[in-house]
Amino acid sequence: VTLPCTATAEILADLGFDWLFVDGEHGPLETADILAILQAVGDRSTCLVRVPAGGEVPIKKVLDLGAGGVIVPQVNTAQQAADVVRYARYTPQGARGVGLARAHGYGMKFAEYLESANERVSVVVQAEHAQAAENIESIVQVEGVDAVLLGPYDLSASFGKPGQLDDPEVTGAIDRITDTCRAASMPLGYFGVSAAAVRPFMERGYTLIVAGVDTLMLGTAAKNMLGELR
């Protein structure tokens, strides 16, 4: 979900997707847009929000809005992964700031949320750089990381080969990440623009699957219909 439009998210949630990837890293979504999307979706789909960076403020902001979890880009070292967990978990598992917001029922469900948040909130780190591939053994050992989401396009770019997902150097890094995570029983995620793009990774045991982009879906469907009309 990249469009700052509640109707788009509402339509997708009504279709029955298990979860929606709300992208606060790329595109126009700001805090107020993300709040509106979360409110429109409600409990119909879990929303994981990709924050722009692995800092304390963006992580606690989207969690306080009621996101089901965070997706953090460019986590390249175990220390970065540990920082992400610390920002996303309340004490004693972390040091997340305590406030009153939508996640806490605006204060009406404060104690209930604090009691369950550390178990309910998902922490997903993205492996999307050559350095992450190098450090993946130590990253998957960080307690509190729930899944690793492979970012194939940024990964290829970090090798100076943007978009060349079939390049041996890129596929080698993907294999390294895949094998290490599977050996550690770490759930793996993958992004692709279509079902066909993600299917090979589902067959390799990836279970956190994100396929499609709202803008591409809208544009492709409209283009196809326009072609039929003409």
Side-chain angles (χ1 to χ4, degrees), residues 2 19-27 29 34 46-65 67-90 93-97 117-118 120-162 165 169-192 198 201 204-210:
T2 68
W19 69 290
L20 298 179
F21 181 124
V22 181
D23 194 359
E25 180 190 14
H26 298 293
L29 296 185
I34 294 171
T46 296
C47 289
L48 301 187
V49 178
R50 178 160 67 177
V51 293
E56 179 180 7
V57 171
I59 289 174
K60 71 180 178 183
K61 266 199 170 187
V62 299
L63 292 180
D64 283 351
L65 294 181
V70 289
I71 298 170
V72 182
Q74 297 291 339
V75 176
N76 299 328
T77 68
Q79 183 58 58
Q80 288 176 326
D83 288 340
V84 167
V85 172
R86 181 160 53 89
Y87 300 147
R89 307 282 192 210
Y90 289 122
Q93 283 82 25
R96 177 180 166 186
N118 282 355
R120 292 172 55 190
V121 167
S122 297
V123 176
V124 180
V125 299
Q126 286 201 260
E128 52 181 352
H129 194 278
Q131 188 180 6
E134 292 175 8
N135 295 322
I136 192 64
E137 289 91 348
S138 57
I139 290 172
V140 298
Q141 296 303 319
V142 175
E143 186 174 356
V145 172
D146 294 310
V148 171
L149 179 65
L150 183 66
Y153 293 96
D154 279 340
L155 180 62
S156 65
S158 73
F159 286 103
K161 302 169 182 178
L165 303 187
E169 197 170 20
V170 177
T171 59
I174 291 174
D175 289 344
R176 176 178 171 83
I177 293 167
T178 302
D179 294 344
T180 301
C181 288
R182 292 183 67 177
S185 298
M186 173 65 70
L188 275 161
Y190 188 82
F191 163 76
V198 300
F201 291 87
R204 296 179 70 178
Y206 283 60
T207 55
L208 185 69
I209 300 300
V210 53

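Considering only residues two or more places apart in sequence or on other chains, Tyr206 meets the ring-ring contact (aromatic ring centres under 6.0 Å, His included) condition with Phe201. Annotation: salt bridge (charged side-chain N to carboxylate O under 4.0 Å, His left out) contacts of Asp175 (sequence neighbours excluded): Arg204. Not counting sequence neighbours, the partners of Ala173 by the side-chain contact (heavy atoms from CB on, under 4.5 Å) test are Ala133, Leu155, Phe159. The side-chain hydrogen bond (donor to acceptor under 3.5 Å, both in side chains) search around Ser158 returns none, not counting sequence neighbours. For Glu169, the side-chain hydrogen bond (donor to acceptor under 3.5 Å, both in side chains) test picks out Lys161, with sequence neighbours left out. Qualifying salt bridge (charged side-chain N to carboxylate O under 4.0 Å, His left out) partners for Arg120, counting only residues two or more places apart in sequence or in other chains: none.
Applying the side-chain hydrogen bond (donor to acceptor under 3.5 Å, both in side chains) test to pairs two or more places apart or on separate chains, those with a residue in residues 67-87 are Gln79-Asp83, Asp83-Arg86. For residues 128-140, the pairs satisfying side-chain hydrogen bond (donor to acceptor under 3.5 Å, both in side chains) are Glu137-Arg176, with sequence neighbours left out. For residues 143-159, the set of pairs meeting the salt bridge (Lys or Arg N to Asp or Glu O under 4.0 Å) definition, not counting sequence neighbours, comprises Arg89-Asp146.
Taking every heavy atom of both residues into account, Thr46 and Gly68 meet most closely at CG2-CA, 4.1 Å. A pairwise comparison of heavy atoms in Ala81 and Val145 identifies CB-CG2, 4.2 Å as the closest pair. Closest non-hydrogen pair, Gly24 versus Ile34, comes out as CA-CD1, 4.4 Å. Of all non-hydrogen atoms in Val140 and Cys181, the two that sit nearest each other are CG1-SG, 3.7 Å. The two residues Gly97 and Tyr90 have their closest heavy-atom pair at O-CE2, 3.5 Å. Taking each heavy atom of Ala88 and Val123 in turn, the nearest pair found is CB-CG2, 3.7 Å.
Interatomic distance, CD1 of Ile174 versus OH of Tyr190, reported as 5.5 Å (0.5 Å rounding). Summarising the geometry, atom CZ belonging to Phe191 is positioned 13.0 Å from atom CG belonging to Leu208; distances are rounded to the nearest 0.5 Å.
When side chains are defined from C-beta on, Leu149 counts as touching Phe21, because their heavy atoms get closer than 4.5 Å. Residues Thr2 and His26 fail the side-chain proximity criterion, which asks for heavy atoms closer than 4.5 Å. The shortest side-chain heavy-atom distance between Val148 and Val75 does not fall under the 4.5 Å cut-off.
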Which side-chain N or O atoms in residues 48-56 pair as donor and acceptor under 3.5 Å with protein atoms at least two apart or in another chain?
from, atom 1, to, atom 2, distance (Å)
Arg50, NE, Asp23, OD1, 3.0
Arg50, NE, Glu25, OE1, 3.1
Arg50, NH1, Glu25, OE1, 3.4
Arg50, NH1, Gln126, OE1, 3.0
Arg50, NH2, Asp23, OD1, 3.3
Arg50, NH2, Asp23, OD2, 2.8

Exercise for the section: Walk me through it: do Ile177 and Leu188 pass the test side-chain contact (heavy atoms from CB on, under 4.5 Å)? Expected result: CA-CA 9 Å; Ile177 293 167; Leu188 275 161; 4.3 Å; yes
Handout entry: Full working for side-chain contact (heavy atoms from CB on, under 4.5 Å) between Arg96 and Asp64
Key = CA-CA 10 Å; Arg96 177 180 166 186; Asp64 283 351; 2.8 Å; yes
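Remark: of the listed residues Leu20, Val62, Leu65, Leu20 is the sole one forming a side-chain contact (heavy atoms from CB on, under 4.5 Å) with Cys47.
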